[in-house]
Amino acid sequence: MKKKIRVDLKKRSYDILVCYDEFDKLGKAVKQLKIGTDAVIITNPLIKKLFGKKVEKCLLAAGFNVRIETVPDTEKAKSEKHCIRVLNNISKLDSSSRRIFIVALGGGVVGDLAGFVASIYRRGIPYVQVPTTLLAQVDSAIGGKVAIDLGMGKNLAGAFYQPRLVFSDVSLLKTLPKKDLISGLAEVVKYGIIKSPLLFTTLVKNYKKVLKRDKKILQYIVYACSLIKARVVEKDEFDNKNLRVILNLGHTIGHAIETAGHYSASYSHGQAIALGTLSASLISKKLGLLSQKDYLRIRGLIKNIGLPTSLKGLDVRAIFSAQEHDKKFIHGRNRFVLPVKIGKTIVREGIPKSLIKDSISSLLWI
Ligand code: GLY
């Protein structure tokens, strides 16, 4: 059964629909929004092969003209080159009798690019997120941060631009590669730690079912995480009230691990976030803020899910130096989200360098 979460952002409010195998409802849901006549689906070749026809069919049935634009299945899609190419193709299709909107069909990369394209084409056209990965369903499709990468770093050209609908059909996760499912679970663990002891305990008790993609548990997870994200975004849409920052738990060291690995295959985003969450938990434990018991519960869950709990093949100095260049620095001081118990975090600035180094080094041998 379809479940709905309203993201209340005044004029920019929208629904997140969480359902299972209800793709036929997408056309009607989009039609109700009255956002245009012509849908441009932005996706990648693999997702196009898996779900392109299905999505196209239901949009055609709802009376839309449909065009599909494909971008590479890697971070390369978030480049100036592909962004401009897609914009040019949309402009060729455009005419006075058409009203174009965008459908982002894919994971976080497609969602970020498609949302960014939507935010700048004619100074903004509507877009709908149809996330196809766990990570995108629980996190990146919600919240309106859209961006592409520049030569100097990831997500440097971006905007806050909310979608008009997020349509999360959890049945799409059936074909998701296991490593991507596990990677997405790192963000799910994050939500449990920052806001929901119930979600955390449910994961502890049911992680085997989750890994087997049990329909009920996956729907619960996507719904619970979407609700948390929606409520956080409502309170701090533009990330300037120090509230949205809690969603960055594990991301400070996590991004540094990704950067030190040069976004190579060394660690996936989820694996890096899991390691980042562990180092934040270690810092918190050393500061006397997190109990040993909760630290071990966090570590145990990360391990059971199949995420890494130790770091191999990367240099501590490279990670530390990447962390020092992190954009999360505030007035030259580092800023960490630290768990204080399951379901609660605090934000601390100016964590001593020695403690950060120690927490990264500890990951080498624990
Ligand atoms: N697009 C992800 C976010 O807004 O947080």
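Quick note: residue numbers are just sequence positions, from 1. Order of listing sets the numbers, starting from 1, for every ligand and every atom in it.
In terms of polar-atom proximity, Gly144 is counted as a contact of ligand 1, with an N or O under 3.5 Å from an N or O of the ligand. Checked against a 3.5 angstrom limit, the closest N/O atoms of Lys145 and ligand 1 fall inside it. Of the polar atoms of Ser140, at least one N or O is found under 3.5 Å from an N or O of ligand 1, judged by distance alone.
Salt bridge absent: Lys54 and Glu56 never bring a charged side-chain N and a carboxylate O closer than 4.0 Å.
The closest side-chain donor-acceptor pair between Gln162 and Tyr14 falls under 3.5 angstrom. A side-chain donor from one of Tyr121 and Asp94 sits under 3.5 Å from a side-chain acceptor of the other.
Evaluated by nearest non-hydrogen atom to atom 4 (O) of ligand 1, the leading choice among Lys229, Arg244, Glu237 is Arg244.
Only the backbone of Ile142 comes within 4.0 Å of ligand 1, judged by heavy-atom distances.
Note that CG of Leu50 and CG of Leu172 are 9.0 Å apart. Values are rounded to the nearest 0.5 Å.
Using the six-membered ring where Trp is involved, Phe238 and Phe160 have ring planes that are perpendicular, over 60° apart on the 30 and 60° scheme.
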